[in-house]
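Notes follow once the structure below has been shown.
When reading the values below, keep in mind they use all heavy atoms of this one structure, side chains included, and skip hydrogens, waters and symmetry mates. Letters go in sequence order (proteins before strands), and every chain restarts at 1.
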Amino acid sequence: EPEVTQTPSHQVTQMGQEVILRCVPISNHLYFYWYRQILGQKVEFLVSFYNNEISEKSEIFDDQFSVERPDGSNFTLKIRSTKLEDSAMYFCASSITQGWNHGYTFGSGTRLTVV
Amino acid sequence: DAKTTQPPSMDCAEGRAANLPCNHSTISGNEYVYWYRQIHSQGPQYIIHGLKNNETNEMASLIITEDRKSSTLILPHATLRDTAVYYCIAKETSGSRLTFGEGTQLTVNP
């Protein structure tokens with residue numbers, strides 16, 4: 001069964017450093033998403049991306065965050081200057097359509113620890 | 001998206017049906033009901049969705065009441081691997097975000 005692949009599975013970074021989280025969505029999917037989950041809290045939407053631009057973003061997705069699809073396969077989330085409160089699991093997801101008639105496929109996540 | 005209400009936890013015996021309820025009394029006509037689950041901090045996994053008809057797939061069945069104010073996810077023969085947090089989400093056809101609540105922690109006991 002097709003999978004969404006995320007790398008690395010765990011990343012530790014120092015406060016103030018830039019991090020890039022990488023995702024390979026399912027090959028025929030057109031919509032891409034990032035979610036995060038702080039330990040013990042709900043899964044939260046960050047951003048959706050379609051046709052090489054952001055289609056929707058949440059209040060969490062401020063200027064410190066950016067997304068990119070640098071080639072035909074990767075989808076990345078960059079955090080410019082990490083803060084302690086950015087420590088969380090980050091999940092990438094993809095879908096064929098905007099999702100109302102299909103489910104999203106999520107990756108297994110990257111655990112980001114900011115120290 | 002309409003707010004959904006689920007019990008915080010449920011238990012089920014292995015091999016028995018697990019029936020997970022969800023209330024969505026303010027759901028609008030263009031909102032689908034989606035179910036996802038999350039097994040121990042893994043990524044959420046799509047289970048099933050529906051608008052007003054009952055739905056069944058290889059994982060589960062979804063029963064939506066006629067007034068669409070509530071629904072039930074049925075896992076017909078629960079296994080230990082079905083232990084997870086189950087999320088019921090009401091989502092409009094427009095817009096792309098899924099709004100996850102607290103969900104129901106289902107524990108399947110041997």
Side-chain angles (χ1 to χ4, degrees), chain A residues 1-6 9-10 21 23 25-26 29-51 53-61 67 88-112, chain B residues 1-6 8-9 24 27-53 55-62 64 68 71 73 84-105:
Chain A
E1 188 166 326
E3 290 184 341
V4 173
T5 305
Q6 291 188 243
S9 57
H10 190 183
L21 308 183
C23 170
I26 293 173
H29 285 188
L30 302 175
Y31 292 80
F32 314 110
Y33 315 90
W34 284 101
Y35 285 75
R36 79 172 186 190
Q37 187 175 31
I38 295 170
L39 186 64
Q41 298 188 22
K42 301 176 192 178
V43 177
E44 300 174 292
F45 169 79
L46 292 178
V47 66
S48 60
F49 191 85
Y50 169 71
N51 200 25
E53 59 182 31
I54 290 173
S55 51
E56 191 175 354
K57 61 181 181 179
S58 72
E59 312 69 37
I60 303 168
F61 194 88
V67 288
M89 283 289 288
Y90 287 82
F91 297 110
C92 174
S94 67
S95 63
I96 295 175
T97 66
Q98 196 163 244
W100 62 270
N101 59 345
H102 292 92
Y104 298 176
T105 303
F106 283 81
S108 54
T110 293
R111 180 174 299 284
L112 177 65
Chain B
D1 297 337
K3 181 178 165 54
T4 61
T5 304
Q6 301 176 251
S9 64
H24 30 79
I27 197 168
S28 63
N30 66 343
E31 286 183 301
Y32 280 70
V33 178
Y34 286 80
W35 284 84
Y36 283 77
R37 72 181 182 183
Q38 188 176 25
I39 299 172
H40 190 56
S41 297
Q42 294 177 25
Q45 178 188 22
Y46 165 77
I47 301 172
I48 199 167
H49 75 282
L51 183 62
K52 52 185 177 182
N53 296 322
E55 302 288 344
T56 294
N57 64 19
E58 65 278 3
M59 288 183 70
S61 295
L62 174 60
I64 302 174
R68 301 207 330 119
S71 60
L73 178 75
V85 179
Y86 287 77
Y87 300 99
C88 168
I89 299 169
K91 182 187 174 302
E92 288 188 5
T93 54
S94 62
S96 53
R97 75 172 71 187
L98 292 170
T99 302
F100 288 84
E102 306 285 353
T104 296
Q105 171 67 60

### Query
If every non-hydrogen atom of B/R97 is compared with every non-hydrogen atom of A/E56, which pair is closest and at what distance?
NE-OE2, 3.0 Å
### Over all atoms of both residues, closest heavy-atom pair of B/S41 and A/M89
O-CE, 3.6 Å
### Task
Take atom NE2 of A/H10 as the centre, draw a 6.0 Å sphere, and report whether it contains more than 12 heavy atoms from other residues, nucleotides or ligands.
yes
### Message
Please check: side-chain N/O of B/Y36 versus main-chain N/O of A/Y104, any donor-acceptor pairing under 3.5 Å?
### Response
yes
### Message
At under 4.5 Å between heavy atoms, what parts of residues 42-49 of chain A are in contact with chain B? List them by residue number.
### Response
A/K42, A/V43, A/F45, A/S48
### Query
So which part of A/S58 gets closer than 4.5 Å to some heavy atom of chain B, the side chain, the backbone, both or neither?
both
### Query
What part of B/Q38 gets closer than 4.5 Å to chain A, counting heavy atoms only: side chain, backbone, both or neither?
side chain
### Query
Minimum heavy-atom separation for B/F100 to A/F106, with atom names?
CZ-CZ, 4.1 Å
### Message
Please determine whether side chain to side chain contact (heavy atoms under 4.5 Å, CB included) holds for the pair B/L98 and A/Y33, giving the CA-CA distance in whole Å, both sets of side-chain angles, and the decisive distance to 0.1 Å.
### Response
CA-CA 10 Å; B/L98 292 170; A/Y33 315 90; over 6 Å; no
### Task
Counting only heavy atoms closer than 4.5 Å, note whether A/Y50 contacts chain B via side chain, backbone, both or neither.
neither
#### Entry: Those residues that, when tested against B/Y86, pass ring pair (Phe, Tyr, Trp, His ring centres under 6.0 Å) (two or more places apart)
none
### Task
Quick one: closest heavy-atom pair of B/Y87 and A/Q37, and the distance?
OH-NE2, 4.0 Å
